[in-house]
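A short worksheet on the structure shown next.
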Amino acid sequence: MEPPQSPSAALKTPDEGDSSQTPPPPPYPPSSSTPIHECLPHSTTTTTTTSTCCNGGGPAEIPPPQPLSSSISPPPPNHRPTRDRPPSLPPNHSYQAIIDTPVPKSQKVSVISLPHEFLTPSKKINHPDDMARFIETDLLSNFIGFIVSLSESIRGKKLSEPCRESETLTYICSVLDTFASWVDEIPPIQQTNKHGNFAYRDWYDRLLANSEALILKFLPEDLKSSTEELVPYFTDSFGNSARLDYGTNHELNFTAWIYCLARMGVTKEEDYQAVVSRVYVKYYNVTRKLQTVYDLEPGSHMYGFSGLDDYHFLPFIFGSSQLIAHKYMKPKSIHIQDILDNFAKEYLYISCIALVKKKKKGVFADNWPLLDDISRVPNWTKVNDGLLKMYKAEMLESLQYMASSFQTGSLLQW
């Protein structure tokens with residue numbers, strides 16, 4: 001039997017003329033065939049373990065784990081841990097499947113011709129046969145190709161760099177700013193349950209009541225009937241008011257909404273840089289505020305998949321593209337606090353890492369093992385390619401995930 005692949009192996013693409021002069025990562029873990037979690041100390045003795053600091057310092061003492069107290073009662077049989085569980089990969093996760101997946105390529109989005117009959121989105125992926133057919137469709141190829149195009153539009157660019165900002169995108173950004181202001185107007189309430197503040201439902205009710213009118217304001221007259229199709233994607237982009245959660249499934253709906261705008265010609269290729277550096281940035285400002293203020297649960301856990309930071313995936317794809325060919329910052333640079341402090345406002349990937357480190361204190365590799373493993377990949381091109389492959393294989397081609405999350409209408413028809 002072959003030894004298990006490490007998570008970083010799933011992010012690697014075959015080296016074809018790789019001229020990168022990036023020095024190899026430090027010799028930790030000791031073997032590329034050893035999963036990162038197997039390299040952590042698990043001693044049950046009282047002896048203090050020593051380890052060499054990865055930043056080149058002297059030996060660092062690692063205290064032994066404390067024995068469990070017999071006075072602590074075990075959890076009840078129906079106990080279901082939520083926020084305290086570490087991020088994990090789905091049980092059926094196959095690194096080999098990701099490795100075998102070709103790196104997705106960018107594709108142009110075809111614009112519909114008018115008049116067009118818009119349809120209310122509905123779920124069409126319910127069984128393995130549906131998933132098998134969907135994987136072979138032009139829609140899946142074009143949708144992931146659209147994400148690649150967004151990623152390429154921001155390659156090597158800071159968020160603050162000037163770019164074409166259409167009136168439509170400027171208006172969408174103002175709408176997202178309004179959503180953020182609603183959070184200030186609807187503060188969390190005092191309640192006994194630990195996670196998911198009920199005040200979020202008031203915020204979400206306001207979203208439902210205003211979304212159609214807000215979307216109609218930027219649509220041309222011959223596209224106003226598209227709200228039947230656009231509103232469901234848009235309102236499902238900001239969490240679930242019944243479950244009080246937010247996850248990558250909602251991020252997927254926001255991307256579907258942006259894709260629909262491209263299909264209608266409302267946004268064009270020359271807008272893509274602003275879509276990422278302006279619209280997505282505003283969107284993440286809103287969703288992170290919702291997660292923090294209303295303490296929303298990571299919704300992706302229920303689908304067997306965690307976003308890289310419990311909630312999101314795409315900012316890591318866009319952010320790694322920003323850093324491709326950066327002169328100084330490498331994947332391992334995320335462990336340098338000065339980098340996080342000084343560049344979080346300019347690079348999405350750095351911003352995401354800075355946030356997760358604030359969210360959970362302690363050893364980064366323990367709290368975020370996949371992100372830590374990715375930091376050992378030699379360059380950002382491989383990180384970006386690997387994350388695109390992972391997004392396609394583990395989310396867009398996952399029956400459990402897509403059956404629960406993805407709806408299609410006339411603009412995402414298959």
Side-chain angles (χ1 to χ4, degrees), residues 10-11 13 89-90 92-112 116 118-153 229-230 232-234 236-237 247-265 267 269 272 275-276 280 300 303-305 307-308 312-318 321 384-414:
L11 295 175
T13 53
L89 297 172
N92 62 345
H93 185 88
S94 170
Y95 293 121
Q96 191 60 45
I98 298 176
I99 294 172
D100 293 341
T101 299
V103 179
K105 303 298 182 183
S106 63
Q107 289 192 17
K108 293 182 179 296
V109 176
S110 60
V111 179
I112 61 172
H116 181 86
F118 297 98
L119 301 173
T120 302
S122 60
K123 293 181 180 179
K124 297 179 182 177
I125 302 175
N126 301 297
H127 306 287
D129 289 345
D130 300 333
M131 191 73 242
R133 290 196 301 273
F134 179 71
I135 289 174
E136 300 299 324
T137 62
D138 291 337
L139 171 60
L140 175 59
S141 178
N142 195 240
F143 187 76
I144 188 66
F146 172 67
I147 293 173
V148 177
S149 297
L150 292 177
S151 175
E152 290 179 350
S153 73
E229 193 159 340
L230 294 179
Y233 289 122
F234 189 67
D236 204 21
S237 299
T248 49
N249 52 314
H250 302 107
E251 179 187 61
L252 174 63
N253 275 281
F254 187 75
T255 304
W257 183 71
I258 295 291
Y259 178 79
C260 287
L261 297 183
R263 288 275 284 131
M264 296 190 302
T267 59
E269 282 189 61
Y272 285 0
V275 167
V276 176
Y280 267 96
S300 304
Y303 305 114
F305 184 87
L308 293 174
H312 302 112
F313 198 110
L314 290 181
F316 292 93
I317 292 178
F318 300 149
S321 180
N384 185 252
D385 288 349
L387 289 177
L388 284 166
K389 290 165 62 174
M390 184 181 292
Y391 191 79
K392 181 174 185 288
E394 288 299 331
M395 294 179 64
L396 300 183
E397 295 181 354
S398 164
L399 173 62
Q400 182 182 12
Y401 188 86
M402 296 297 282
S404 303
S405 310
F406 199 63
Q407 301 184 78
T408 57
S410 68
L411 298 172
L412 288 91
Q413 196 169 35
W414 64 282

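Of the N and O atoms on the side chains of S141 and Q107, at least one donor lies less than 3.5 Å from an acceptor on the other residue.
Residues satisfying the ring pair (Phe, Tyr, Trp, His ring centres under 6.0 Å) criterion with F134, sequence neighbours excluded, are F406, W414. With sequence neighbours excluded, the residues satisfying ring pair (Phe, Tyr, Trp, His ring centres under 6.0 Å) with F318 are Y280. Here F146 pairs with Y259, Y272 under the ring pair (Phe, Tyr, Trp, His ring centres under 6.0 Å) rule; sequence neighbours left out.
Scanning both residues, V111 and G265, for their nearest heavy atoms gives CG1-N, 3.8 Å. For Y401 against N249, the heavy-atom pair with the smallest separation is OH-N, 2.8 Å. Residue V103 comes nearest to K389 through the heavy atom pair CG2-CD, 3.6 Å, listed as atom of the first residue, atom of the second, then distance. The shortest heavy-atom contact between K123 and S404 is NZ-O, 3.4 Å. For the pair S106 and V148, the tightest heavy-atom approach, listed with the atom from each and the gap, is N-CG1, 3.5 Å.
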For the pair E397 and L140, evaluate side-chain contact (heavy atoms from CB on, under 4.5 Å) and give the outcome as yes or no after the intermediate values.
CA-CA 9 Å; E397 295 181 354; L140 175 59; 4.0 Å; yes
In sequence, state the C-alpha distance, the side-chain angles, and the governing distance for S153 and V276, and then conclude on side-chain contact (heavy atoms from CB on, under 4.5 Å).
CA-CA 8 Å; S153 73; V276 176; 4.1 Å; yes
side-chain contact (heavy atoms from CB on, under 4.5 Å) between L230 and L261, worked out
CA-CA 9 Å; L230 294 179; L261 297 183; 4.2 Å; yes
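In this structure a side-chain-to-backbone donor-acceptor pair under 3.5 Å is present from S237 to F234. Checking side-chain atoms of E251 against main-chain N and O of F313 turns up a donor-acceptor pair under 3.5 Å. Panel note: side chain T137, backbone R133; no donor-acceptor pair is recorded below 3.5 Å. Y233 contributes a side-chain N or O that, together with a main-chain N or O of Q407, makes up a donor-acceptor pair within less than 3.5 Å. A donor-acceptor pair under 3.5 Å is formed between the side chain of E229 and the backbone N or O of S410. Formation of a donor-acceptor pair under 3.5 Å by the S321 side chain with backbone atoms of S151 is found in this model.
Counting heavy atoms from C-beta on, the side chains of L308 and L387 come closer than 4.5 Å. Using a 4.5 Å heavy-atom threshold, the side chains of H116 and L411 count as touching. Counting only heavy atoms from C-beta outward, the side chains of F118 and M264 approach each other to under 4.5 Å. A heavy-atom distance below 4.5 Å is not found between the side chains of L139 and Q413. Looking only at side-chain heavy atoms (C-beta outward), K392 and I147 stay at 4.5 Å or farther from each other.
Enclosure of atom CG in N126 by more than 12 non-hydrogen atoms of other residues, nucleotides or ligands within 6.0 angstrom is indicated.
Once rounded to the nearest 0.5 Å, the distance linking CG of L252 with CZ of F143 reads 5.0 Å. Atoms NE2 and NE2, from H312 and H250 in turn, are 11.0 Å apart once rounded to the nearest 0.5 Å. One distance of note links CD1 of I135 with CE of M402; it measures 9.5 Å at 0.5 Å rounding. Atoms CD1 and CE, from I125 and M131 in turn, are 4.5 Å apart once rounded to the nearest 0.5 Å. Residue L388 holds its CG atom at 9.0 Å from CG of L314, rounded to the nearest 0.5 Å.
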